[in-house]
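Below is one structure, written out as structure tokens; the observations come after it.
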Amino acid sequence: MDYKVEISALLSKITGLESEEIARLMEIPPQSDMGDYAFPCFILSKQMRKSPVMIAAEIASSSDFDAPYIDSVRSQGPYVNFFIDKGHYAKSVVSEILQKGEQYVSSNIGIGKTVIVEFSSPNIAKPFHVGHAFTTVLGHSLSRIYDKLGYNVVRVNHLGDYGTQFGKLITAYRLWGDESALEASPIDELLRIYVLFHEKEKDDPQLTQDARDNFRRLEAGEPEEKALWQRFRDLSLKAFAKVYDRMGVTFDSYKGESDYSDRIPGVISFLEEKDLLIDSDGARVVMLDEYKLPPCLVVKSDGTTIYASRDLAAAMFRHEHYNFYKNIYVVGLPQSLHFQQVFAVLDKAGADYAKNCEHVGFGLVKFKNMKFSTREGNIVVLEDLLNESIAKTLDIIRSNAELRQTDMSEDEILDIANKVGIGSVIYTYLKSGRERDIVFSWEEMLDFEGDSAPYLIYTYARTRSILRKAMDQGISSSNAFDDALSLLKSDEEFALLKLLSDLPDAIEKAASSNEPFMLSRQVSRIARAFNRFYNNSSILRDSDDRLRSARLAICEAVCTAIKTGTYLLGIDVVERM
RNA sequence: GGGUCUAUAGCUCAGCAGGAUAGAGCAACAGCCUUCUAAGCUGUGGGUCGGAGGUUCGAGUCCUCCUAGGCUCACCA
């Protein structure tokens with residue numbers, strides 16, 4: 001039940017204010033000893049011509065608060081503080097979670113609505129580095145979150161498989177390409193010749209010209225260039241698939257930039273019909289002064305297309321094909337002007353779906369003082385980071401296994417190391433607001449203590465261990481469905497229950513702000529509260545078997561919360577570690 | 001120069017729509033494993049919330065100005 005709504009209704013009778021307004025004004029006190037809900041009386045002081053302190057005292061002394069779920073009502077300064085009956089609360093929260101299981105965080109607010117999440121979108125022929133991981137991890141998590149809320153989610157990998165860079169690559173490959181190296185390690189070989197091209201290009205303008213010619217031939221569909229491009233693309237996709245597979249990331253569409261090249265004429269004629277295209281130094285642009293934005297370049301002076309035209313084509317296609325409720329672009333913050341322009345062009349052209357397009361930006365992944373740059377070769381490849389993380393996890397598991405004398409098989413150990421190691425990397429990207437820059441450091445990326453994925457997974461594994469032991473001893477939480485749950489009224493238990501009950505709200509906030517950290521924080525808080533409880537009370541060893549069952553029920557609820565929460569972040573839990 | 005974002009503990013970050021004594025994690029220091037997994041828990045120290053004005057009963061939160069920094073400003077993506 002929703003205690004806030006209930007209390008607001010009671011207050012409404014006393015104060016005469018609308019119940020909804022009261023619910024909006026209600027607060028959660030900063031300290032638990034101040035109660036569970038608080039009503040600030042400032043708003044009443046003007047109309048009643050009394051000090052808020054006096055009003056609070058009057059309300060608190062009212063006799064209308066005799067509901068069974070209210071323990072007490074006290075005024076403190078200008079606030080009326082409500083203390084919920086802990087037993088009542090425990091029964092309500094725990095039984096709901098146990099009955100609904102993982103569905104307790106589900107919602108149907110998204111039923112019948114399609115959300116497109118464009119994310120990851122790596123450039124073909126370039127290594128998948130720790131910067132790409134940001135959009136991949138963010139988009140993956142957002143997809144799962146929207147999915148959980150009932151939306152129809154379309155995951156789109158808008159591959160960077162087009163543009164002048166491919167002219168460069170074709171030129172470079174013909175000059176310096178090594179067939180066997182390409183076969184053995186495609187991305188490394190493509191990167192090698194790409195870097196080489198940029199070195200040589202400085203002293204040889206002919207190379208630049210060749211590259212442009214080759215891109216033009218590619219765009220014109222010349223078979224030789226097309227075949228090479230296709231090969232680069234296939235090899236790259238195969239390499240990317242390995243990384244996605246490791247992280248459990250999937251897509252519904254791999255429609256990349258190249259897929260839209262034949263729709264560009266449609267975009268241009270559409271804009272021409274609306275009379276929006278203007279010649280400017282030989283190029284064709286859409287003026288956006290009324291949006292206070294610089295003009296958007298749609299066709300270059302040499303007649304070829306540019307990313308803005310391809311993004312326009314993609315948005316138009318998605319509208320026709322999916323009729324989306326939301327079209328989200330999980331792309332780095334530096335591209336925010338670009339998206340503003342694209343959306344503004346759509347809006348100016350009268351496309352009503354422009355307002356449903358949203359750029360979900362994120363910060364830069366930096367390396368000390370410099371940006372990662374493919375051309376300069378100062379990058380950290382995601383696979384290396386994952387491997388390091390897994391290796392470190394493996395060490396810890398092995399030494400723990402020895403210490404605890406567990407009988408885990410080598411396969412199980414490897415599986416755990418994989419999940420914890422990869423989860424750890426994922427969590428690093430999702431623990432703070434997405435617009436923050438991440439300064440890459442091995443030390444911090446591989447810190448497994450405190451606020452980290454291993455902490456969450458560890459808490460889960462530990463709790464599962466208790467539940468397994470309980471089962472072995474024939475103790476069950478099932479007889480806790482009666483009043484035993486109302487025995488859960490210690491401070492630690494109560495604090496934990498509040499956090500559990502707030503999880504669905506955290507998920508909705510994560511979706512509405514496209515900020516998975518709203519969720520990761522809540523899961524982290526739950527784990528911390530549980531560990532506190534765990535260290536303060538014995539669960540299986542308590543002499544009262546009703547309390548024992550009730551505590552086991554809390555353990556189950558915590559497992560459910562952590563498992564679903566981490567799943568929505570893209571992190572797997574393990575039964576033992 | 002225009003646009004935009006950021007500035008909170010030594011470090012990394014929270015602080016939801018203004019509200020009660022500004023919170024976590026890491027690091028530091030002091031403790032807790034014959035007892036359910038110590039990747040854990042408890043405690044201590046640490047802050048003029050970048051600066052100055054203003055709005056308000058009340059500002060880390062809203063407005064203005066200033067300072068510092070990031071990103072960005074059409075024929076790359």
Side-chain angles (χ1 to χ4, degrees), chain A residues 24-25 27-31 34 38 40 42 45-46 51-52 76-79 81 121 123 160 162-165 168 257 280-285 292-308 310-311 331-338 340-341 361 363-364 366 371 393 396-397 400 403-404 406 420 424 431-433 435-439 441 443-444 447-459 461-470 473 505-506 509 513 517-518 521 524-525 527-528 531-542 551 555 576-577:
Chain A
R24 223 177 32 247
L25 292 166
E27 295 172 21
I28 310 287
Q31 310 265 314
M34 294 169 164
F42 305 103
S45 81
K46 261 181 197 156
S51 80
Q76 186 172 341
Y79 293 88
N81 293 339
S121 313
N123 288 326
Y162 220 58
T164 44
Q165 51 182 334
K168 294 178 185 175
E257 293 181 57
S280 169
D281 300 331
R284 309 187 75 188
V285 304
K292 290 182 180 154
L293 291 170
C296 181
L297 182 72
V298 180
V299 186
K300 292 191 277 187
S301 47
D302 65 359
T304 58
T305 63
I306 188 167
Y307 54 101
R310 294 193 273 274
D311 269 331
V331 179
L333 232 28
Q335 294 200 48
S336 98
L337 177 60
H338 161 69
Q340 285 179 56
Q341 289 178 299
L364 261 56
K366 292 186 291 192
K371 263 202 268 188
T393 310
I396 300 174
I397 296 171
N400 281 346
L403 210 73
R404 296 172 192 151
T406 54
V420 176
S424 186
K431 67 192 285 190
S432 322
E435 301 204 346
R436 289 263 175 195
D437 289 345
I438 294 180
V439 178
S441 99
E443 209 174 296
E444 279 173 45
D447 181 8
F448 291 176
E449 272 157 34
D451 191 15
S452 67
Y455 179 83
L456 305 180
I457 302 172
Y458 175 77
T459 308
R462 189 188 225 186
T463 315
R464 292 292 302 156
S465 167
I466 296 172
L467 291 167
R468 275 194 304 274
K469 284 211 163 89
Q473 296 171 24
D505 193 42
K509 275 184 185 157
S513 58
F517 95 96
M518 300 262 184
R521 268 193 117 66
S524 168
R525 280 195 280 250
R528 185 152 294 108
N531 283 322
R532 237 167 241 159
F533 158 68
Y534 174 95
N535 274 276
N536 273 291
S537 355
S538 52
I539 295 160
L540 294 175
R541 301 177 59 81
D542 198 280
R551 286 187 172 157
C555 288
R576 303 199 284 178
M577 66 187 278

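Letters A, B, ... mirror the listed sequences (proteins, then strands); counts begin at 1. The basis for the numbers below is simple: all heavy atoms, side chains too, and nothing from hydrogens, waters or symmetry mates.
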Could one point to a donor on the side chain of A:S301 or the base of B:rC75 with an acceptor on the other under 3.5 Å away?
yes
Secondary structure string for RNA chain B (Watson-Crick or G-U under 3.5 angstrom, | for other-strand pairs):
(((((((..((((.....[...)))).(((((.......))))).....(((((..]....))))))))))))....
Residues in salt bridge (Lys or Arg N to Asp or Glu O under 4.0 Å) contact with A:R532, at least two apart in sequence or another chain:
none
List the protein contact pattern of nucleotides 41-49 of chain B with one symbol per nucleotide (5' to 3'): B for base contact, S for sugar-phosphate-only contact, - for none; contact means a heavy-atom distance under 4.0 Å.
SS-------
Mind checking salt bridge (Lys or Arg N to Asp or Glu O under 4.0 Å) for A:R464 and listing every partner two or more places apart, or none if nothing turns up?
A:E575
Applying side chain to side chain contact (heavy atoms under 4.5 Å, CB included), can you list everything that pairs with A:Q31, at least two apart in sequence or on another chain?
A:D33, A:M34
What about A:S452, does its side chain sit under 3.5 Å from the base of B:rA39 through a donor-acceptor pair?
no
Under-3.5 Å donor-acceptor pair between A:K469 side chain and B:rC36 base
no
Those residues that, when tested against A:V331, pass side chain to side chain contact (heavy atoms under 4.5 Å, CB included) (two or more places apart)
A:E118, A:Y329, A:Q335, A:F339, A:H359
By side chain to side chain contact (heavy atoms under 4.5 Å, CB included) - contacts of A:A38 (at least two apart):
A:P29, A:Y79, A:N81
Could you pull out the protein-nucleic contacts involving nucleotides 26-29 of chain B (nitrogen or oxygen on both sides, under 3.5 Å)?
none

Go through the structure and list residues passing side chain to side chain contact (heavy atoms under 4.5 Å, CB included) with A:D505, not counting sequence neighbours.
A:K509
Using a cut-off of under 3.5 Å, enumerate the N/O to N/O pairs linking the protein to nucleotides 3-10 of chain B.
from	atom 1	to	atom 2	distance (Å)
B:rA7	OP1	A:R436	NH2	3.3

Can you list the residues that meet the side-chain hydrogen bond (donor to acceptor under 3.5 Å, both in side chains) rule with A:Y458, with sequence neighbours excluded?
none
Kindly say whether A:S465 contributes a backbone atom to a donor-acceptor pair with the side chain of A:R576 at under 3.5 angstrom?
no
Say we look at B:rG54 and B:rU61: how far apart would their P atoms be, to the nearest angstrom?
14 Å
Partners passing salt bridge (Lys or Arg N to Asp or Glu O under 4.0 Å) against A:K469 (at least two apart in sequence or in another chain):
none
